[in-house]
Amino acid sequence: MILQRHLFISCTLSNPRQQQATRRDCPSWQRWKNPSVFTREAESWKCVDRAPHSETLAANVWIPPFTELIGIYHTIHDVFVRTGCPSFAFQSGPAMCSCVRSSRALTPVLLPRLLLPPPGHRWVSRLLSTSSLPPLPSQARVVICGGGIVGTSVAYHLAKLGWTDIILLEQGRLGAGTTRLCAGIVSVAKPITIECQMANYSNNLYQQLEQETGVKTGYVTTGSLCLAQNQDRLISLKRLASRLKVLGISCNIIKPKEVAKLHPLVNIHDLVGALHLPADAVVSPPDVNHALAVAAAAQGVQILDRTSVQQVLVDKGQVTAVETDRGSVECEYFVNCAGQWAYELGQASETKISIPLHGCEHFYLLTKPLQDQLPPDAPVLLDMDGRIYARPWQGGLLSGGFEKNPKPIFTEGRNQLEIQNMQEDWDHFEPMLSSLLRRMPALESAEIHQLVNCPESFTPDMRCLMGETPGVAGYFVLAGMNSSGLSYAGGAGKYLAEWMTYGYPTANVWPLDIKRFGNLQSSRTFLRHRVMEVMPLLYELKVPRWDFQTGRQLRTSPLYDRLDTQGARWMEKHGFERPKYFVPHGKDLLSLDQSKTFYKPDWFDIVGAEVKCCKEAVCVIDMSSFTKFELTSSGDEALEFLQHLCANDLDVPVGHIVHTGMLNSRGGYENDCSVVRISKNSFFIISPTDQQVHCWSWMKKHMPSDPNLHLEDVSWKYTALNLIGPRAVDVLAELSYVSMTPEHFPSMFCKEMSVGYANGIRVMSMTHTGEPGFMLYIPIEYALHVYNEVMSVGQKYGIRNAGYYALRSLRIEKFFAFWGQDLDAFTTPLECGREFRVKLDTDRDFVGRQALLQQRQDGVFRRFVMLVLDDHDTELDLWPWWGEPIYRNGHLAGATTSSAFSYTLERHVCLGFVSPPPGPEGLPTPFTPDFINRGDYEVDIAGQRYPAKAKLYPFSSLFTQQKRRKDELELSNLQGK
């Protein structure tokens, strides 16, 4: 039985006689006299308004089976050509923004999307044929959900890596979601390095896709101009330019006059400069999506539309099958690339998956061709101070932005199958329109074509979600692109495909790893409020150490209220409130909270006083946010498991603390933690705050299925107080009536003690800073009592509260590396001078051992170094924060990973990695100490280079030299008197 459908063929007629003949001969003309284009939604057709600059003939045509469809196309095409019709468009789906394609004839080369497949591509007919749906395979190795540019990119890259038996499912039509409405800008001007790398790869990929597939993608190299209306914005662009140069990406800081030469429509009167990125580009997103699909299908990927995924089936923590509205598909891997629907799909699965993203409306404007038409290669404008972007579009302009008051959407239930053009809102768009007209006054006379309103999904920290979910093996996610899906899709698809193939990507993607979030960020209310802050922040000027303001006080220590009344200023880490510093009484709190600068911050003296107290008296830092696990067993199973998982030797006497890494097969740090042997078969594991989900997932992944082995997350059970300073011994001795001297309480040791009235306090002789002191892990019900007792007794010893800024300064000046900032999955202990924490010289095997043995034999090709800035004025010069390029003898050698002002050395200290230049044949050169000792180093801060002294671990001579200089200064002052 042949099902009848209607196909709408639109013909643009510019000849008046043809128009009159059409009106006369077509009985339906009066009905369809308003210009329109027809699109199909689900099983019905509907009319969508088209811009009034062309007249459109609509003809109803019966669609026969697909085998006859191509012949009908050529027949109609020939008729229109013989009758002199100048352009004829075969519409099988909505054009971009429902307004792009009316003036472009689709020849057989540009046939509608998937109409003319190469021989053998039978799947193409499935996408366009409306007469029947192809059968759903009963099994596959991989099922990808989502036919937008992200899903097709994953399919493309998996196929490139040799994967077969892949199915891509799309609930509507291919690319009918956000991809269809994307603005089409590919820019590398992104906040963090991994995002710049992904965008750069995407740009290169899209440039060669047309040659690879024969599908035109609309790729045009336009370059882009990031404008600066003030000096702070210019500084941020200079810092970005420095980071891009480390990646080998061409960019330049230019003056306003040069901006005017590159883009004559730009008003430059209020500009102080700009960043020019000559390789940025624009594309047609639906065509790029189509090209990726064609290339993937050529490698055997099956693409099925009109098939909705309902849930993912899981057995024993492993993906087993996918249920759709057309049946089930057994599979080993599932990839959620569902975009706007990723959150709902995760919640609907048999085992709920937390995918924290939320949709917001996003607006952009299309103009008709300008009187002096913009060339297609005119630069893209990014005016972040004006909150707008603009790109050339068909002789006119496409311009959108990120307003201060975004409109969240899709807050209840499932969204519509395909994203149609939502309601215009000119009042909402007015501030961005005004900003556009201020930047480009010549547009006052431009004729508006359409205001497009489309949804974009945003995440709680403005970074996309990537990777394998922590609770279900084989369930991967790539979603939440924060309005940069086109720029990220190519690179993100590549990294995810590598992740699935090799178990890890070829770059450090931790800033994007979905395991940086937990279930606590999956609240719809939290996501709705956070994305209302996130969307404006995309173009907000973000100075170092800025903090989110929404979704706060989600996780707090029992001491929160008490510390808050004492002047604590808070930051958030993994949803946990942590004190930055404490404002003394009498300070102007409002001005301090609103201080934003790349220079010396207003909290400089406050943190300095806290650091001084840590070194001369005693301070208390609430570090309750740290991740805490307990591993127990009935026999020696816990020890055996940790000996296999950890690089250091855990077979130590009860009470000893071991600092160790948990390494991957490459020898890189998956976790950097402190492990306490509480009893013979019980261990207490302390990890960084943001490692809570990642570390748990890593340990569970490697844990044997043994009922005698038990892992528990006890982060919520303990409040952690860090007592730092030489008088910490006196405070604890007075509270516990126990001698706390090194003879009775050696370093890196743990005892369970009474403090005040409270029993069962785990007291550890370490501080995570290198300073003397103790960590107190207190059962949560005793937290307030112990804190009050410590502060009361400590008054006579000069005790005060301190925050994480002081901790940061102390740990960096002592060359302490922190995971997530300095250490990552690509950093080995040999590269950061921590080989003494690895049991390489024993017969004990552990994860990563073979890689480290090989590295020790071959040599390391980069090293973790400390750089102490010279000739840098703390008061007047820009501060280093992180990501600054490091130069050796004038040549790029690496980049910083973290930095802080050392109040002891009275200089800025940067930590980072440097690498020797490649050898004659381009091969890596092994690192030697001479590379440090015989080189002149500089750190580039926003384009200005400052000399620096480089040091390897250990570095105690620095403090000896500093003390000698102080002694000499005091002696000279005394002699002068």
Side-chain angles (χ1 to χ4, degrees), residues 190-197 239-240 242-247 463 507-513 516 542 544-545 573 598 661 663 666-672 688-691 694 768-770 804-805 807-834 860-869 872 878-888 892-902 905 907-916 927 931-932 937-942 945-946 948-955:
K190 302 302 177 186
I192 59 175
T193 299
I194 185 61
E195 293 176 337
C196 296
Q197 290 174 301
R239 289 175 58 84
L240 174 60
S242 295
R243 286 194 291 109
L244 292 176
K245 289 177 181 177
V246 172
L247 301 175
R463 299 172 186 170
N508 175 30
V509 297
W510 167 247
L512 313 177
D513 194 330
R516 71 189 187 272
K542 293 178 282 295
R545 312 282 177 85
K573 188 81 164 181
F598 291 100
L663 310 181
R666 307 181 308 280
Y669 282 95
E670 291 292 340
N671 185 20
D672 187 41
T689 303
D690 52 4
Q691 274 274 21
H694 178 74
H768 303 285
T769 64
Y804 273 79
Y805 285 8
L807 183 80
R808 182 184 181 89
S809 175
L810 291 168
R811 72 95 177 167
I812 287 178
E813 72 177 18
K814 291 291 178 66
F815 215 156
F816 279 26
F818 268 27
W819 194 93
Q821 300 175 41
D822 310 303
L823 309 180
D824 57 42
F826 289 84
T827 305
T828 71
L830 277 62
E831 292 171 344
C832 58
R834 269 64 177 175
V860 298
F861 303 116
R862 64 172 189 159
R863 272 300 298 266
F864 191 53
V865 298
M866 170 188 280
L867 297 133
V868 183
L869 297 192
H872 179 273
L878 288 169
W879 276 32
W881 296 99
W882 61 273
E884 290 84 10
I886 302 171
Y887 289 86
R888 179 185 182 271
L892 182 66
T896 65
T897 53
S898 58
S899 64
F901 183 83
S902 169
L905 301 175
R907 283 172 171 76
H908 263 98
V909 176
C910 301
L911 306 181
F913 287 89
V914 295
S915 304
F927 182 92
F931 188 72
I932 294 295
Y937 284 84
E938 297 173 302
V939 175
D940 182 321
I941 306 175
R945 296 185 190 179
Y946 297 91
K949 291 179 180 177
K951 299 289 180 181
L952 291 173
Y953 194 87
F955 63 102

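Computed from a predicted structure; not experimentally measured.
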Would you say [X]'s side chain and [Y]'s backbone share a donor-acceptor pair under 3.5 angstrom?
X      : Y      : result
Trp819 : Tyr669 : yes
His872 : Leu878 : yes
Glu831 : Thr828 : yes
Ser899 : Val909 : no
Ser902 : Arg907 : no
Arg463 : Glu195 : no

Worked check of side-chain contact (heavy atoms from CB on, under 4.5 Å) between Asn508 and Ile194: CA-CA 7 Å; Asn508 175 30; Ile194 185 61; over 6 Å; no

If every non-hydrogen atom of [X] is compared with every non-hydrogen atom of [Y], which pair is closest and at what distance?
X      : Y      : result
Ser242 : Pro885 : O-CG, 3.4 Å
Asn671 : Pro688 : OD1-CD, 3.8 Å
Gln197 : Ala507 : OE1-CB, 4.5 Å
Glu670 : Ala825 : OE2-CB, 3.7 Å
Lys190 : Cys196 : O-SG, 3.4 Å
Ala950 : Ile932 : O-CG2, 3.6 Å

For the residue pair [X] and [Y], establish whether any side-chain heavy-atom pair is separated by less than 4.5 Å.
X      : Y      : result
Pro191 : Leu240 : no
Phe927 : Leu952 : yes
Thr896 : Ile886 : yes
His768 : Phe816 : no
Arg239 : Glu884 : yes
Pro511 : Thr193 : no
Tyr887 : Arg945 : yes

Euclidean distance, Asp940 CG relative to Leu892 CG, rounded to 0.5 Å: 9.0 Å

Gap between atom OH of Tyr946 and atom CD of Glu938 - 0.5 Å precision: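 Going from the CD atom of Glu938 to the OH atom of Tyr946 covers 11.5 Å.
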
side-chain contact (heavy atoms from CB on, under 4.5 Å) between Ile941 and Leu869, intermediate numbers included: CA-CA 11 Å; Ile941 306 175; Leu869 297 192; 4.1 Å; yes

Face-on cation placement of Arg811 at Phe818 ring, 6.0 Å and 45° thresholds: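 Yes.
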
Arg545 NZ/CZ over Tyr805 ring centroid, <6.0 Å and within 45° of normal: yes

Between Thr827 and Arg862: side-chain donor-acceptor atoms closer than 3.5 Å: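 Their side chains do contain a donor-acceptor pair, which is all the 3.5 Å distance test asks for.
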
side-chain contact (heavy atoms from CB on, under 4.5 Å) assessment of Cys832 paired with Asp822: CA-CA 9 Å; Cys832 58; Asp822 310 303; over 6 Å; no

Parallel, tilted or perpendicular: ring planes of Phe815 versus Phe864, cut at 30 and 60 degrees: tilted

Residue list, side-chain contact (heavy atoms from CB on, under 4.5 Å) with Lys245, at least two apart or on another chain: Cys251

With sequence neighbours excluded, residues passing salt bridge (charged side-chain N to carboxylate O under 4.0 Å, His left out) with Lys573: Asp690

Tyr937 vs Val914, side-chain contact (heavy atoms from CB on, under 4.5 Å): CA-CA, chis, key distance, verdict: CA-CA 10 Å; Tyr937 284 84; Val914 295; 4.2 Å; yes

